[in-house]
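Okay, structure first, notes after.
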2 protein chains.
Amino acid sequence: MPTTADDLRRVALEEFAAAGYLGTSLQQIADRAGVSKATVLYHFTSKEVLLEAVLSPALDQLDGILGQVGLAGLQRGGDARTEFVERFVDFLIEHRSAVYIFVNQATSLVDIPVVERANAEIELISRYFEENAGSVEEKVRFGVALGGAAYLLAGAPVSLPEPDLGALRHALINVLGDLLAPSSAAHSVVSASHTTAD
Amino acid sequence: MPTTADDLRRVALEEFAAAGYLGTSLQQIADRAGVSKATVLYHFTSKEVLLEAVLSPALDQLDGILGQVGLAGLQRGGDARTEFVERFVDFLIEHRSAVYIFVNQATSLVDIPVVERANAEIELISRYFEENAGSVEEKVRFGVALGGAAYLLAGAPVSLPEPDLGALRHALINVLGDLLAPSSAAHSVVSASHTTAD
DNA sequence: CGCGAATCTGACCGATCGGTCAACATCTGA
DNA sequence: TCAGATGTTGACCGATCGGTCAGATTCGCG
């Protein structure tokens, strides 16, 4: 059974992603969770602490992915890249609300520790892709992949087949695979065998 | 010489893009423009009207691009697509702050007419790319291109060579050209002849 | 049972929000 | 010159914000 704190984390995640951190009041979160505003501030000492509790699980998992794949392999672009893309897409889908928050609202959420942690991790990954040939374009490719995926996975007015996450995952792996391929060769590096049927 | 209304539009555009529409108060805009808050509300009857005045020029230009290129050509993917990509990238760069606002803050700005107009235009373009083969992946490619470019052009933590917009433009045309190419063939459809030197 | 810890709440606080208004300054053309 | 339009301002308004606090309620456990 979900505890009150769990409910509040879940509701806050949805509201922060849909209406924005600044656009969501503690009163709204309390109402949707069926408790009073004072209860929210009992479980989380401030709105910032609530945001941190909402984003931290996603950032922890991102840390894990970077550790497993090994960032060194991303530079020269071997199998580590294709493996990274698959794990990265699964991460983006599973934590799409959290990713949307710290990708699309980071610029307006300065001086909040958990947001600065997210920015640091994004910049870290970006640097490894950058150290390949064609520095500027490589950076652009990574930035477009990250920002584009976050935009697409949360409320873009590009009506997607919402329940069919499998097809979305397949398409994202292909598109991001192309974007993050080490050179301009090797299209569709992820074969259909990795995913369910088209 | 810039009028007070011009100053307010310029300052509001920067603030809305940097701190978000909800995160920017009329007092901040007034202070940065060197006038009182009441003066802001004299020139623009409400905060929403100010937002509309800030976003409308970009949306008008987007209308113009769609009219010139001709949306019909985008479906079958001929020369119209490559021409569209170049015009689109120039539009994204020139109006990057406005694009960032109505791409990354649209979900939290519901029921605001100018934002709904922006969503309608984005959805319109998306539909033309969708009617090609591979519906889902085509949509994903367009969504990633738009959201990614908007993310990259405004404050992404992917430190770019800021003054060198020419290199950025070149890279974006290549990357978006790849993403929006009608099939999985024809990499780097935009040759170097279209841009300045590398 | 009973008692302390954990949970929850309504009332309240200062600050800031977008917006209104009457008064004042400045400019313009007859 | 002077009257009306235009521009600007400080004072003020109700509403809502994040956050505090004392007290009520419920829970776990000897």
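A, B, ... follow the sequence lines: proteins, then strands. Residue 1 opens every chain. Predicted model only: the values in this text are computed from it and were never measured.
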Legend entry - Position toward the 5' end of DNA chain D (nearest nucleotide), B:S36 or A:A38: B:S36
Legend entry - Interatomic distance where CD belongs to B:Q27 and P belongs to C:dG19 [whole Å]: 14 Å
Legend entry - OP1 or OP2 of C:dC8 under 4.0 Å from side-chain N/O of A:H43: yes
Legend entry - Polar side chain donor-acceptor pair, B:D6 to B:T3, under 3.5 angstrom: yes
Legend entry - Donor/acceptor link under 3.5 angstrom from B:K47 side chain onto base of C:dG19: no
Inset, instruction - Rounded off to whole Å, could you give me the CD1-to-C1' distance for the B:I29 and C:dC17 pair? - result: 13 Å
Inset, instruction - Decide, yes or no, whether a salt bridge links B:D7 with B:R32 under the criterion of side-chain N to carboxylate O below 4.0 Å. - result: no
Inset, instruction - Could you check how far CG of A:L22 sits from P of C:dG18, rounded to whole Å? - result: 12 Å
Inset, instruction - Could you check A:T24 against B:T39 and say which one's nearest nucleotide on DNA chain D is further toward the 5' end? - result: B:T39
Inset, instruction - For D:dG18, take OP1 and OP2 only and decide whether either is under 4.0 Å from a side-chain N or O of A:S46. - result: no
Legend entry - Atom-to-atom span, CD of A:E15 to P of D:dC17 - whole angstrom: 12 Å
Inset, instruction - Establish, with yes or no, whether the OP1 or OP2 oxygen of D:dT8 is under 4.0 angstrom from a side-chain nitrogen or oxygen of B:T4. - result: yes
Legend entry - Proximal nucleotide (of C:dT20, C:dG18, D:dT8) relative to the B:L26 side chain: C:dG18
Inset, instruction - Using atom types as modelled and distance alone, determine if a side-chain donor or acceptor of B:Q61 lies under 3.5 Å from a backbone N or O of B:H95. - result: no
Legend entry - Short side-chain N/O contact from A:Y42 to OP1 or OP2 of C:dC8, under 4.0 Å: no
Legend entry - Length of the NZ-C1' vector between B:K37 and C:dG18, whole Å: 6 Å
Inset, instruction - Grab the CD1-P distance between B:I112 and C:dG18 for me, whole Å please. - result: 12 Å
Inset, instruction - Take the protein atom CG of B:D31 and the nucleotide atom P of D:dT9, then report the distance between them rounded to whole Å. - result: 11 Å
Inset, instruction - May I have the distance from B:E48 (atom CD) to C:dC17 (atom P), rounded to whole angstrom? - result: 18 Å
Legend entry - side chain to side chain donor-acceptor pair (under 3.5 Å) partners of B:T39, counting only residues at least two apart: B:S36
Inset, instruction - Give a yes or no on whether a salt bridge exists between A:R117 and A:D60, defined as a side-chain N under 4.0 angstrom from a carboxylate O. - result: yes
